[in-house]
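Here the structure is laid out as structure tokens; the discussion comes afterwards.
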Amino acid sequence: GRIGVASQALGIAQAALDCAVDYAEKRLAFGSSISKLQAIQFKLADMALALESARLLTWRAAMLKDNKKPYTKEAAMAKLSASEAATAISHQAMQILGGMGYVTDMPAERHYRDARITEI
């Protein structure tokens with residue numbers, strides 16, 4: 001159902017964020033890691049915000065379902081939020097990785113393809 005798709009999207013989004021953070025910490029430019037650059041920090045912060053917001057909506061929908069309460073609206077909101085967040089986060093991860101984000105050997109490219117499926 002929708003809660004399951006939202007959960008799948010959250011996993012994809014988390015993996016994309018982790019990939020971006022790991023790369024930003026290891027990639028050196030101008031003598032230090034690019035994670036020290038404010039533009040990268042802003043991107044990572046926005047990515048984390050979108051992920052946590054979608055996660056809370058998903059948890060709320062799951063809680064309502066577990067407690068046998070109406071959850072249709074909340075499940076739809078969670079699925080929309082999580083799938084859009086997964087796509088946006090994986091896209092931004094590819095931007096942080098630069099040209100490496102488009103290489104099929106890197107997980108960021110796969111995360112983007114997987115995230116797009118959750119929007120259907």
Side-chain angles (χ1 to χ4, degrees):
R2 290 185 179 118
I3 296 172
V5 173
S7 299
Q8 179 184 11
L10 289 175
I12 295 165
Q14 183 69 62
L17 177 59
D18 292 346
C19 178
V21 168
D22 183 60
Y23 183 83
E25 288 174 348
K26 292 177 180 171
R27 176 71 167 98
L28 298 177
F30 310 111
S32 65
S33 92
I34 65 169
S35 66
K36 303 271 192 249
L37 299 172
Q38 192 174 45
I40 300 297
Q41 292 173 349
F42 284 161
K43 280 184 188 289
L44 293 172
D46 288 342
M47 292 160 72
L49 172 66
L51 176 60
E52 287 301 314
S53 300
R55 181 175 284 137
L56 289 173
L57 281 170
T58 304
W59 284 353
R60 182 164 187 266
M63 181 195 66
L64 289 171
K65 183 178 181 182
D66 284 348
N67 291 320
K68 310 275 191 266
K69 294 185 178 175
Y71 66 93
T72 304
K73 178 184 77 170
E74 288 79 4
M77 291 167 56
K79 190 246 180 213
L80 175 65
S81 177
S83 61
E84 287 182 349
T87 298
I89 290 167
S90 58
H91 175 77
Q92 288 304 313
M94 289 174 69
Q95 296 297 310
I96 290 171
L97 270 69
M100 291 300 294
Y102 295 91
V103 175
T104 54
D105 292 344
M106 294 295 285
E109 184 269 340
R110 187 186 78 245
H111 297 320
Y112 184 75
R113 282 186 289 119
D114 291 346
R116 295 291 295 159
I117 296 296
T118 66
E119 288 189 302
I120 295 173

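By the side chain to side chain contact (heavy atoms under 4.5 Å, CB included) test, L56 pairs with W59, sequence neighbours left out. Residues that satisfy the side chain to side chain donor-acceptor pair (under 3.5 Å) test with T118, not counting sequence neighbours, are absent from this structure.
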Considering only distance and modelled atom types, tabulate donor-acceptor pairs under 3.5 Å from the side chains of residues 4-17, sequence neighbours left out.
unit_1, atom_1, unit_2, atom_2, d
S7, OG, I3, O, 2.9
Q14, OE1, R55, NH2, 2.8
Q14, NE2, D18, OD1, 2.9

N/O donor-acceptor pairs under 3.5 Å from side chains in residues 42-50, not counting sequence neighbours:
unit_1, atom_1, unit_2, atom_2, d
K43, NZ, Q92, OE1, 2.7

Tabulate below the donor-acceptor pairs under 3.5 Å that side-chain atoms of residues 62-69 make, not counting sequence neighbours, or state none.
unit_1, atom_1, unit_2, atom_2, d
N67, ND2, M63, O, 3.1

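Through side-chain heavy atoms spaced under 4.5 Å, either directly or across other Ile, Leu, Val, Met, Phe, Trp or Tyr residues, L28 is tied to no other residue. Connectivity analysis of hydrophobic side chains (ILVMFWY, heavy atoms under 4.5 Å, direct or indirect) links L57 to M77.
Distance alone, capped at 3.5 Å, places no donor-acceptor pair between the S81 side chain and the A78 backbone.
When all heavy atoms are compared, the tightest approach of A20 to L97 is CA-CD1, 4.1 Å. Of all non-hydrogen atoms in Y71 and A61, the two that sit nearest each other are CB-O, 3.9 Å.
The OG atom of S53 sits 12.5 Å away from the CD atom of E84 when rounded to the nearest 0.5 Å.
Judged as a salt bridge (Lys or Arg N to Asp or Glu O under 4.0 Å), the pairs with a partner in residues 19-31 (not counting sequence neighbours) are, in order, D22-K26. Residue pairs that meet the salt bridge (Lys or Arg N to Asp or Glu O under 4.0 Å) test with at least one member in residues 73-83, sequence neighbours left out, are R60-E74. Residues in residues 28-38 take part in these side-chain hydrogen bond (donor to acceptor under 3.5 Å, both in side chains) pairs, two or more places apart or across chains: S33-S35. Counting only residues at least two apart or on different chains, the salt bridge (Lys or Arg N to Asp or Glu O under 4.0 Å) pairs with a member in residues 108-117 are E109-R113, R110-D114, R116-E119. For the salt bridge (Lys or Arg N to Asp or Glu O under 4.0 Å) condition, no pair includes a residue of residues 6-17, sequence neighbours left out.
When the side chains of ILVMFWY residues are joined at heavy-atom separations under 4.5 Å, either directly or via intervening members, V21 and I96 end up in a single hydrophobic cluster. A chain of hydrophobic side-chain contacts below 4.5 Å, direct or via other Ile, Leu, Val, Met, Phe, Trp or Tyr residues, connects I89 to I34. Tracing side-chain contacts under 4.5 Å through hydrophobic residues (I, L, V, M, F, W, Y), one never reaches Y112 starting from I117; they form parts of separate clusters.
Two residues are said to be in side-chain contact when any heavy atoms from C-beta on lie closer than 4.5 Å; L80 and R2 fail this criterion.
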